[in-house]
Student: 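Got a structure for you, questions after.
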Amino acid sequence: MPVVLGYWGLRGYGEPSRLLLRYTEADWEDAVIPLTQEGMDHWFKEKKYNLGLDFPNLPYVIDGDIKLTQSVAVLRYLGRKFGLAPSEADMGRADVFEQVISDLRVGFNKMCYSSPDKYEGLKTEFLEKLPKKLEEIANFIGDGPYAVGEKLTYVDFLALEYLDVIATFTPDHFKSGSIPDYIQRMKDLPALKKFYESEDCTHKSYYINGPMATWNGNPKKE
Ligand SMILES: N[C@@H](CCC(=O)N[C@@H](CS)C(=O)NCC(=O)O)C(=O)O
């Protein structure tokens, strides 16, 4: 039975797990819930409470009897399953990095999902604080090649996606240095390269955030 990953037809909080699964080339099902009225009704009225999830939400992963939600818990589970967990010695640094990248995305989303009247103020604040945060992340990654050193781990898929999203929002902050090198190194991993370069790469059509967000990353508008 393939691993099933359920999430909306957008990048959002589900994409790091999708990237990890694409990297493994495992047998997995991308259970996409379309962003249509029908898709949303189907999720909220029929599916959400009938999958046996303890805390019904999106994204979810179902792997046989294992049924999990919470995007980072899902990603960690997949990391352990596919040999992408950090070593015991690197676990502390991986945990810190995971939280740093998650905080960055939460702050970014607060701005993106703010009402249009608050958006510009929050954007100015976000962009003012960003260089320091990126400098710390760049120093942490250093020459890598991966976030916690030689071994590729699940936190790299979180960082790849969330840094790439912020680079889409503000490309000027990602012109050179160890972060763009790191993003490119990840994108060049064979299975990921195939995905990013494919004709039907979902990043060419998927919104980054929900369409209702003030900044939703609609690729057709970028
Ligand atoms: N902390 C949760 C947040 C999950 C969440 O907010 N999911 C949103 C999309 S990003 C959703 O639409 N969930 C579907 C629902 O509420 O049924 C996580 O990281 O997974």
Side-chain angles (χ1 to χ4, degrees), residues 3-23 28-63 66-82 84-86 94-115 118-119 122 126 133 137 147 153-169 202-203 205-219:
V3 172
V4 179
L5 185 88
Y7 194 64
W8 300 116
L10 52 81
R11 287 166 67 177
Y13 283 176
E15 198 60 18
S17 290
R18 288 188 179 129
L19 288 170
L20 184 149
L21 286 163
R22 287 182 189 116
Y23 165 76
W28 70 287
E29 181 190 331
D30 195 7
V32 176
I33 296 136
L35 285 168
T36 56
Q37 195 54 52
E38 208 184 348
M40 288 189 269
D41 285 351
H42 183 66
W43 167 249
F44 286 111
K45 294 181 187 158
E46 288 169 46
K47 234 176 155 189
K48 179 166 175 172
Y49 297 103
N50 289 316
L51 289 171
L53 299 164
D54 293 318
F55 301 98
N57 213 331
L58 294 172
Y60 68 78
V61 67
I62 297 183
D63 183 18
I66 308 238
K67 299 179 175 197
L68 307 172
T69 52
Q70 289 297 333
S71 54
V72 177
V74 166
L75 184 68
R76 279 188 192 165
Y77 170 77
L78 295 171
R80 288 191 292 268
K81 179 178 172 84
F82 291 107
L84 294 164
D95 287 350
V96 170
F97 193 62
E98 172 201 288
Q99 295 298 307
V100 165
I101 297 294
S102 297
D103 282 358
L104 186 63
R105 183 61 189 259
V106 167
F108 178 69
N109 276 12
K110 187 175 150 208
M111 169 194 70
C112 293
Y113 283 91
S114 64
S115 55
K118 304 230 170 69
Y119 175 76
L122 288 172
F126 179 82
K133 288 184 187 163
I137 292 170
T153 67
Y154 75 88
V155 290
D156 289 303
F157 297 89
L158 192 72
L160 163 64
E161 172 62 10
Y162 290 179
L163 291 171
D164 194 29
V165 159
I166 295 173
T168 303
F169 176 72
T202 48
H203 292 202
S205 57
Y206 276 16
Y207 286 67
I208 286 174
N209 289 318
M212 77 298 274
T214 300
W215 190 86
N216 57 25
N218 176 357

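Indexing begins at 1, ligand by ligand and atom by atom, following the structure's order. When reading the values below, keep in mind they use all heavy atoms of this one structure, side chains included, and skip hydrogens, waters and symmetry mates.
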Student: I need the minimum non-hydrogen distance between G39 and I33, along with the two atoms involved.
Tutor: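 The answer is O-CG2, 3.5 Å.
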Student: Does Y13, backbone or side chain, put an N or O under 3.5 Å from an N or O of ligand 1?
Tutor: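 For ligand 1, there is no N or O atom that lies under 3.5 Å from one belonging to Y13.
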Student: Looking only at protein heavy atoms, which one is nearest to atom 12 (O) of ligand 1, and what is the separation?
Tutor: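 Answer for atom 12 (O) of ligand 1: W8 NE1, 2.8 Å.
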Student: Do F126 and F108 have ring centroids that are under 6.0 Å from one another?
Tutor: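 Under 6.0 Å, so yes.
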Student: Provide the number and element of each atom of ligand 1 under 4.0 Å from a heavy atom of K48.
Tutor: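 The atoms of ligand 1 under 4.0 Å from a heavy atom of K48 are 15 (C), 16 (O), 17 (O).
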Student: Of all heavy-atom pairs between Y119 and M111, which one has the smallest distance, and what is that distance?
Tutor: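 Minimum heavy-atom separation between Y119 and M111: CD1-O, 3.4 Å.
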Student: For ligand 1, is there an atom lying under 4.0 Å from some heavy atom of P59?
Tutor: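 Contact check P59 vs ligand 1: positive.
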Student: Check for a donor-acceptor pair, side chain of Y49 on one end and backbone N or O of P56 on the other, with a separation under 3.5 Å.
Tutor: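 No: the side chain of Y49 does not pair with the backbone of P56.
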Student: Below 4.0 angstrom from a heavy atom of W43, which ligand 1 atoms are there? Numbered from 1 as shown, please.
Tutor: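 That gives atoms 14 (C), 15 (C), 17 (O) of ligand 1.
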Student: Using the side chain to side chain contact (heavy atoms under 4.5 Å, CB included) rule, pick out the option among E38, K45, E46 that qualifies with H42.
Tutor: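 Of the listed residues E38, K45, E46, the side chain to side chain contact (heavy atoms under 4.5 Å, CB included) partner of H42 is E46.
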Student: Can any side-chain N or O of Y113 pair as donor or acceptor with the backbone N or O of G210 at less than 3.5 Å?
Tutor: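 Between the backbone of G210 and the side chain of Y113 there is a qualifying donor-acceptor contact (under 3.5 Å).
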Student: Examine L58 against ligand 1 and note whether any of their N/O atoms are separated by less than 3.5 Å.
Tutor: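 L58 vs ligand 1: N/O contact under 3.5 Å present.
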Student: So which bit of Y49 gets within less than 4.0 Å of ligand 1, heavy atoms only: side chain, backbone, both or neither?
Tutor: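 No part of Y49 is near ligand 1 at this cut-off.
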Student: Among L84, V74, L5, which residue satisfies the side chain to side chain contact (heavy atoms under 4.5 Å, CB included) criterion with L20?
Tutor: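 Filter result, single survivor: L84.
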Student: List the closest protein heavy-atom neighbour of atom 1 (N) of ligand 1: residue, atom name, distance to the nearest 0.1 Å.
Tutor: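 The answer is Q70 OE1, 2.8 Å.
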Student: Got more than 12 heavy atoms from elsewhere within 6.0 Å of OH, Y206?
Tutor: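 Correct, the count exceeds 12.
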Student: Got the closest protein heavy atom to atom 20 (O) of ligand 1, with its distance?
Tutor: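 So the nearest neighbour among protein heavy atoms is S71 N, 2.8 Å.
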Student: With a cut-off of 4.0 Å, which atoms of ligand 1 are near a heavy atom of Y7?
Tutor: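 That gives atoms 9 (C), 10 (S) of ligand 1.
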Student: For atom 14 (C) of ligand 1, find the nearest protein heavy atom and state the residue, atom name and distance (0.1 Å precision).
Tutor: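 Protein heavy atom at minimum distance: N57 OD1, 3.2 Å.
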